[in-house]
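See below for the structure under consideration.
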Amino acid sequence: MSSDLGHTGEVGQYYSLETIMHKLGHHSIDMLKMDIERHEFGVIAALSSQKAPKQILFETHLHNAYGMWNRPVIPQEWEAMWEHLATLGYGIFMNERNDGCMCCFEWSLLRL
């Protein structure tokens, strides 16, 4: 496994959004869509004001997503994610519960 995000004990490759942008030669992102089973918390925490997408669409899993985390999301993680998004200037323009999972929600945010 290779990573620049510090993941251990998982099979796969993990790169920060900034690293992916650099590898692909992108200087900005219009829209970022994530369905990455609670890894969205780490991606969002790593967003900087210089490289933040204009729009973010993502799903949150508040439970122990597929047994990968050994615990549900704790309030401090939830609050820190939303505080960071607000600091970057994001506002929610749509959200809905995922009918297939009562602990999962779809979020759509726009950077104002």
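We count residues from 1, following the sequence as given.
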On a heavy-atom basis, the closest approach of His27 and Lys51 is O-NZ, 4.2 Å
Spell out, yes or no, whether Met94 and Phe105 are grouped together once hydrophobic residues are joined by side-chain heavy atoms under 4.5 Å, including indirect joins.
no
Ring-plane angle category for Trp78 and Trp82, please: parallel below 30°, perpendicular beyond 60°, tilted otherwise.
perpendicular
Roughly how far, to the nearest 0.5 Å, is CD of Glu77 from OG1 of Thr60?
12.0 Å
Count the heavy atoms belonging to other residues, nucleotides or ligands that lie under 6.0 Å from CD of Gln55, then report whether that count exceeds 12.
yes
Return the CH2 to CG distance between Trp107 and Asn95, rounded to the nearest 0.5 Å.
4.0 Å
Look only at the side chain of His84 and the backbone of Leu47, and say whether a donor-acceptor pair between them is shorter than 3.5 Å.
yes
Are Ile74 and Leu62 grouped together when hydrophobic residues (ILVMFWY) are joined by side-chain heavy atoms under 4.5 angstrom apart?
no
Sequence neighbours excluded - salt bridge (Lys or Arg N to Asp or Glu O under 4.0 Å) pairs with any residue from residues 91-103
none
Could you check whether any side-chain N or O of Glu40 sits under 3.5 Å from a backbone N or O of Arg38, counting only pairs where one atom can act as donor and the other as acceptor?
yes
What is the distance from atom OG of Ser49 to atom CZ of Arg111, rounded to the nearest 0.5 Å?
6.0 Å
When rounded to the nearest 0.5 Å, the distance separating CD1 of Ile92 from CD1 of Ile56 is 11.5 Å
Is a donor on one side and an acceptor on the other found under 3.5 Å between the side chain of Thr87 and the backbone of Glu83?
yes
Between the CD1 atom in Ile44 and the CG atom in Leu88, the distance rounded to the nearest 0.5 Å is 9.5 Å
Could you tell me if the side chain of Phe58 sits less than 4.5 Å from the side chain of Leu32, heavy atoms only?
no
For Asp35, what residues pass the side-chain contact (heavy atoms from CB on, under 4.5 Å) criterion, not counting sequence neighbours?
Lys33, Glu37, Glu59, His61
Rounded distance [0.5 Å steps], CZ in Phe93 versus CG in Leu57
6.0 Å
In one Ile/Leu/Val/Met/Phe/Trp/Tyr side-chain cluster, 4.5 Å: Leu110, Val43:
no
Shortest non-hydrogen pair, Met31 vs Ile29, comes out as O-CG2, 3.3 Å
Donor-acceptor contact below 3.5 Å, side chain Glu79 vs main chain Gln76:
no
Kindly give the heavy-atom pair with the smallest separation between Ser48 and Glu18, and that separation in Å.
OG-OE1, 3.9 Å
Indicate the atoms forming the closest heavy-atom contact of Tyr90 with Lys54, along with that distance.
CE2-O, 4.1 Å
